[in-house]
Amino acid sequence: MESNHNDMTPHDAADALRWLSEMGADEIIGEMPVNRLVAPAPKPAPAVARAVPAPAAAPVVVAPGTSAAQFHSLREIELALEGFDACPLKKTATRLCFADGNPAARVMLIGEAPGREEDIEGRPFVGRSGQLLDRMLAAIGLARTAADREGAVFIANTVFWRPPGNRNPTEAETQMCLPFLLRIIELQRPDVIVCLGAVPAHRLTGRTDGILKLRGKWVTATVGGRNIPLLPTLHPAFLLRQPAQKRLAWRDLLSLRQMLDAH
Ligand code: URA
């Protein structure tokens, strides 16, 4: 017999919701059905990007293909992203997830993409993987809350909005966000970059090997004419799923510590 959702008890409904959430269907895309067979009304031509007035408070409208070189502060980039509608991830995300930590830090960490908690809070790595990341960093004397440049980290992601259902961002999505990420790196001027997981490692090194092959090997990223040592390592979410691999992540953390101590 077909079940009727009206027969559901509140307990059944809570179970069904929990199940959907565990399957990754944890957001409502839209309340009204959309007839995709009807041609959409033509959109107004995108506004031409303009210089950001400083101090600016409102999002800046940024046309696709705009050079990020016009942004002169992290705040300007954040406002530009608020006004950047070309990335489809923005449509399903709750809010922009820009960056966290101390912009003066010697170390910049780059993750893959915001997850559910990050989407709600608007800050990278605030969920379970973020808590593990904070513990890993603390083990080598680093923290996103540190006020001094030596002990601090700055954290961003390869894309600035959560992909629906926590899927990996596509090549097109990471490409679209890349000019902003590169400009963040130029302005933040880290001494070293740490890529958490394959997505940022691939995007910033151009290599395509699996993360288990790339991890632990320092390479050089050239951003804005500066050569920056870059270390790919395992993503904390991977370590939560495979705790036995923490010993590899620990080796990478020690390598990072040595690199910082040597320079
Ligand atoms: N995973 C990421 O890669 N980034 C986040 O911000 C959170 C989880």
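Atoms within each ligand, like the ligands themselves, are counted from 1 in listed order.
Of all non-hydrogen atoms in Ala156 and Ala99, the two that sit nearest each other are CB-CB, 4.3 Å.
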Apply the test side-chain contact (heavy atoms from CB on, under 4.5 Å) to residues Leu248 and Arg215: give CA-CA distance (whole Å), side-chain angles for both, the deciding distance (0.1 Å), then the verdict.
-> CA-CA 8 Å; Leu248 297 178; Arg215 63 142 283 277; 3.7 Å; yes

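Checked against the 6.0 Å centroid criterion, the rings of Phe84 and Phe180 qualify as a close aromatic pair.
Inclusion of Gly111 in the set of residues having an N or O under 3.5 Å from an N or O of ligand 1 is not warranted. At least one N or O atom of Asn157 sits closer than 3.5 Å to an N or O atom of ligand 1. When only interatomic distances are considered, the shortest N/O to N/O separation between Ala113 and ligand 1 falls below 3.5 Å.
Note on ligand 1: Leu196 sits outside its first shell, no heavy atom being nearer than 4.0 Å.
Per-residue contacts place Pro124 under 4.0 angstrom from the following atoms of ligand 1 (heavy atoms of the residue considered): 6 (O). Set against the non-hydrogen atoms of Glu112, the atoms of ligand 1 under 4.0 Å away are 2 (C), 3 (O).
With sequence neighbours left out, the side-chain contact (heavy atoms from CB on, under 4.5 Å) criterion links Glu112 to Asn168, Val199, Pro200, His235. Every side-chain contact (heavy atoms from CB on, under 4.5 Å) that Thr205 has, sequence neighbours left out, goes to Arg207, Val219, Leu230.
Contact annotation: for Glu118 versus ligand 1, heavy atoms closer than 4.0 Å belong to the side chain alone.
Atom 1 (N) of ligand 1 has as its closest protein heavy atom His235 NE2, 3.2 Å.
Taking a 6.0 Å sphere around CZ of Arg257, one finds it holds more than 12 heavy atoms contributed by other residues, nucleotides or ligands.
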